[in-house]
A.B. asks: 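Take a look at the following structure, please.
We count ligands from 1, going down the list as the structure has it; atoms in each ligand are counted the same way.
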Amino acid sequence: MGKIRITTLVEDTADKRGFLAEHGLSFWIELEGASVLFDTGQGNVLCGNARRLGINLQEADAIALSHGHYDHSGGLEGVLFGEPWKRVYAHPAAFSPKFVRGPGGTGREVGVPLPSELKARYQAEPVWVEAPAELPGGLRLTGPVPRTNSFEDTGGAFFLDQGCTQPDMLLDDQAAFLETPAGTVVILGCAHSGLVNTLDYVSSLTGGRPLHTVVGGTHLLNAGQGRLDKTVEALRRLDARRLLPCHCSGLMATARLWREFPDRCESCHVGKVVEMAW
Ligand SMILES: [Zn+2]
Ligand SMILES: [Zn+2]
């Protein structure tokens, strides 16, 4: 017996009464014998959406961060507030200073917005993920994703300093995955390492098992036609049964994926549940 049930707690869109959307991502992942909170959104809507869904965030056995950008990590403080310690699985670089270059050339802060003493507290007892790792319930994290193909531009206007001189390679970027008899389920944060790089890496970590479901941000919002063409080609090769591109995927890329894979794409608004049992 096994199961995975993924509920979208935070996403850029909401389509049901009472749910609130924000630019961000958070999934509640229920597994056999454990629950994992994967990302926390910005922190404005996480707790309210969870309450409305009947999900008690304090029951999480672990929290995992896909990376340190505010739209994935900002809710951390609210989840941990007043609670005993919970394990937070993240790459150390998730807690680096993070900036995005604005139109004027100066950096806008986009890192984990935590007071320094909380930051210190997390760093005192985190679970650093610098290689593939296993979470409670058998969920796995990729750790840093090798950037193997040439067509995915994994750069961007991301920097480690306000003056925007040191590029942030986002080494903290990682995805979660679970092998099921029907194929592997992959949960993405922003896929800053590239959607295809991430999926290829998950395939290699699972001995080439087929992919079943891919859900989360694909960071294709600035992708040109060439990259989109190659991404579609790779998705045909990888043959995932179900695709739920959301968050930072961008309208153009999302529309393209829906057109190319009309029977496989699903929306991923707040409250969406993806469930498998075996
Ligand atoms: Zn990001
Ligand atoms: Zn994001």
A.B. asks: Would you say the side-chain atoms of E11 pair up with the backbone N or O of T13, donor to acceptor, closer than 3.5 Å?
C.D. replies: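 At least one qualifying donor-acceptor pair exists.
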
A.B. asks: Looking at H247, which of its N, O or S atoms is the nearest one to the Zn ion (ligand 2)?
C.D. replies: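 Output for this pair reads NE2.
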
A.B. asks: Would F158 and H69 count as a close aromatic pair, with their ring centres under 6.0 Å?
C.D. replies: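 Between F158 and H69, the centre distance is under 6.0 Å.
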
A.B. asks: Look at the aromatic rings of H67 and H192 and report parallel, tilted or perpendicular, splitting at 30° and 60°.
C.D. replies: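 Answer is perpendicular, since the angle exceeds 60°.
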
A.B. asks: Check whether NZ of the Lys or CZ of the Arg R236 lies under 6.0 Å from the centre of the six-membered ring of F261 and within 45 degrees of that ring's axis.
C.D. replies: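 Output yes; distance and angle both within limits.
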
A.B. asks: Restricting to N/O/S, name the atom of D71 that gets closest to the Zn ion (ligand 2).
C.D. replies: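 In D71, the N, O or S atom with the shortest distance to the Zn ion (ligand 2) is OD2.
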
A.B. asks: Below 2.8 Å, can you find an N, O or S atom of H72 next to the Zn ion (ligand 2)?
C.D. replies: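 Yes, since at least one N, O or S atom of H72 sits under 2.8 Å from the Zn ion (ligand 2).
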
A.B. asks: Measuring from the Zn ion (ligand 1), name the closest N, O or S atom belonging to H69.
C.D. replies: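 In H69, the heteroatom (N, O or S) nearest the Zn ion (ligand 1) is ND1.
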
A.B. asks: Counting backbone and side-chain atoms alike, does H192 have an N/O/S atom under 2.8 Å from the Zn ion (ligand 1)?
C.D. replies: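 Checking H192: at least one N, O or S atom is under 2.8 Å.
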
A.B. asks: Is the distance between the Zn ion (ligand 1) and the nearest N/O/S atom of H219 smaller than 2.8 Å?
C.D. replies: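 No, H219 does not qualify, because none of its backbone or side-chain N, O or S atoms lies under 2.8 Å.
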
A.B. asks: Go through the steps for D200 and R237 under the test salt bridge (charged side-chain N to carboxylate O under 4.0 Å, His left out), then give the verdict.
C.D. replies: CA-CA 10 Å; D200 277 340; R237 164 174 61 81; 3.1 Å; yes

